[in-house]
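The structure appears right after this line, and notes come after that.
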Amino acid sequence: ATQPIIRIGTTMSKLSIALIAALSLLQGGIVSATCRCNCGAITDVFKRQDCDAVNANNEIPCGTACTLTTCAAFGVDSTCGGGDCVDANTMLFSCDIQDYVSAASIKPGEHIRTLSSEDNSDVCSEVYYTFAHEGISGALEVELEDFTKVTVSNNHLLYTGSTFASRKATMAKNVKIGDMLVSSDGSAKTVISVKDTAAELVNVLTMEGSIELENGVIISTHSFNENLYSAVFYPIKMMYNWIGAPAVKSAQPYLVELEFMFKPYFSMFTESI
């Protein structure tokens with residue numbers, strides 16, 4: 001009974017791929033996402049500096065040459081197909097057990113505390129999709145004025161601004177020292193440092209599209225662009241609403257492939273607007 005709905009969901013996602021690709025081409029001509037290597041996974045300081053220099057200066061597009069030549073020279077993968085989300089050790093508040101739990105332990109059906117996008121009030125938002133990326137991925141560690149840290153992938157969206165109501169979704173790689181990250185108590189925390197790191201990453205997608213971290217900071221559950229990312233996962237959200245977590249789990253192998261296919265288009269489109 002679930003198969004027709006799964007087929008509908010995957011078909012809708014394939015159409016989304018075509019749409020994003022077309023938008024990318026129309027936006028600024030035929031462009032390619034630039035190759036970036038997972039320099040954060042390199043432990044040798046000098047080798048990592050060389051890798052960072054390559055990332056800063058190269059114009060090689062994502063693709064085989066990026067992964068097998070440019071990044072392989074440093075013994076790391078490219079970020080074209082790497083994980084995008086939060087550090088697996090990030091602590092989130094589970095409304096179900098009324099305690100903090102690691103992002104890696106969360107399952108679909110659980111409820112995570114965040115703020116409502118409608119009235120900015122406290123709300124427990126249901127998780128409809130989770131996925132743990134294999135291995136260690138390059139990430140960014142954002143340290144705040146209270147010395148707490150937020151560790152996410154380079155393209156993950158953080159909310160900058162003074163309040164949740166006036167938030168701006170900003171990719172972590174574009175967050176700068178002095179920026180403020182939105183907090184659940186109505187205040188904002190100033191960024192005091194941003195540096196490369198490496199971490200195990202997990203996706204935790206909620207119905208609200210945001211989550212509250214243990215330090216009170218509210219971040220998006222999306223990467224690159226909230227509208228594009230939520231559009232891609234909309235069929236998955238509908239599958240979850242219609243027949244629950246088993247349908248999403250059945251479609252997961254396809255979703256992993258889908259993510260890898262989408263990333264270059266996300267990057268193209270986001271960088272061209």
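Because only heavy atoms are used, hydrogens play no part in the values below, and waters and symmetry mates are left out as well, while side chains stay in.
- Connection of Leu158 to Ile112 is established within a shared hydrophobic cluster, with ILVMFWY side chains joined at heavy-atom distances below 4.5 Å, either directly or through further cluster members.
- Here the side chain of Ser183 pairs a donor or acceptor atom with the backbone of Gly216 at under 3.5 angstrom.
- The structure places CD1 of Ile211 at 4.0 Å from CD1 of Ile219, a figure rounded to the nearest 0.5 Å.
- With hydrogens and angles left out, the side-chain atoms of Thr90 and Asp87 include no donor and acceptor closer than 3.5 Å.
- Membership of the apolar cluster around Phe93 extends to Met91, Tyr100, as traced through chained side-chain contacts below 4.5 Å between ILVMFWY residues.
- Linking Ile, Leu, Val, Met, Phe, Trp and Tyr whenever their side-chain heavy atoms come within less than 4.5 Å puts Val86 and Val194 in one cluster.
- Take Thr221 and apply the side-chain hydrogen bond (donor to acceptor under 3.5 Å, both in side chains) test, not counting sequence neighbours, and it matches no residue.
- At least one donor-acceptor pair under 3.5 Å links the side chain of Lys47 to the backbone N or O of Phe74.
- With sequence neighbours left out, the salt bridge (charged side-chain N to carboxylate O under 4.0 Å, His left out) criterion links Glu200 to no other residue.
- Nearest heavy-atom pair, Val123 versus Ser116, reported as atom, atom and distance to 0.1 Å: CG1-N, 3.6 Å.
- Defined by atom type and a distance below 3.5 Å, a donor-acceptor pair is present between the side-chain atoms of Thr170 and Thr160.
- Counting only residues at least two apart or in different chains, ring-ring contact (aromatic ring centres under 6.0 Å, His included) contacts with residues 158-180 comprise Tyr159-Phe164.
- No side-chain heavy atom of Asp99 sits under 4.5 Å from any side-chain heavy atom of Ser94.
- Side-chain heavy atoms closer than 4.5 Å link hydrophobic residues (I, L, V, M, F, W, Y) into clusters, and following such links, possibly through other members, connects Leu140 to Val150.
- The same ILVMFWY cluster, assembled from side-chain heavy atoms under 4.5 Å apart, contains both Val142 and Val204.
- Atoms CG and CD, on Leu181 and Glu145 in that order, are 9.5 Å from each other to the nearest 0.5 Å.
- Residues Cys95 and Gln98 approach most closely at O-NE2, 3.0 Å, considering heavy atoms.
- The shortest heavy-atom contact between Glu212 and Leu92 is O-CD2, 3.6 Å.
- Here Ile192 is tied into one hydrophobic group with Phe147, each link being a pair of ILVMFWY side chains closer than 4.5 Å.
- Going from atom OG1 of Thr190 over to atom CG of Asp146 covers 9.5 Å, rounded to the nearest 0.5 Å.
- With hydrogens and angles disregarded, a donor-acceptor distance shorter than 3.5 Å links the side chain of Arg48 to the backbone of Asp196.
- We find the OG-NZ distance between Ser193 and Lys149 to be 7.5 Å, quoted to the nearest 0.5 Å.
- Identified under the ring-ring contact (aromatic ring centres under 6.0 Å, His included) test for residues 103-125, with sequence neighbours left out: none.
- Distance check, rounded to the nearest 0.5 Å: NZ of Lys195 to CD of Glu141 gives 4.5 Å.
- Tyr240 places a side-chain N or O within 3.5 Å of a backbone atom of Gly109 that can act as its donor or acceptor partner.
- Glu110 places none of its side-chain heavy atoms less than 4.5 Å from the side chain of Ile97.
- A pairwise comparison of heavy atoms in Ala139 and Asn154 identifies C-OD1, 3.6 Å as the closest pair.
- For the pair Val191 and Met180, the minimum side-chain heavy-atom distance is 4.5 Å or more.
- Of the N and O atoms on the side chains of Ser153 and Asn155, not one donor lies less than 3.5 Å from an acceptor on the other residue.
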### Task
Dump the intermediate steps for side chain to side chain contact (heavy atoms under 4.5 Å, CB included) on Leu115 and Asp122, then the final yes or no.
CA-CA 5 Å; Leu115 294 182; Asp122 289 335; 3.2 Å; yes
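- Looking at every heavy atom in both residues, Cys85 comes nearest to Asn203 through SG-CA, 3.2 Å.
- Judged purely by atom type and a 3.5 angstrom limit, His222 has no side-chain atom pairing as donor or acceptor with the backbone of Leu205.
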### Message
Apply side chain to side chain contact (heavy atoms under 4.5 Å, CB included) to residues Ser117 and Arg167 and explain how you reach the verdict.
### Response
CA-CA 11 Å; Ser117 56; Arg167 67 192 182 280; 4.0 Å; yes
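- Val182 and Gly161 make their closest contact through CG2-O, 3.9 Å (heavy atoms, listed as atom of the first residue, atom of the second, distance).
- Taking OG of Ser184 as the reference point, atom CG of Asn120 lies at 12.0 Å (rounded to 0.5 Å).
- Both Leu213 and Ile106 sit in one connected hydrophobic cluster of ILVMFWY residues. Membership requires side-chain heavy atoms under 4.5 Å apart, directly or through other members.
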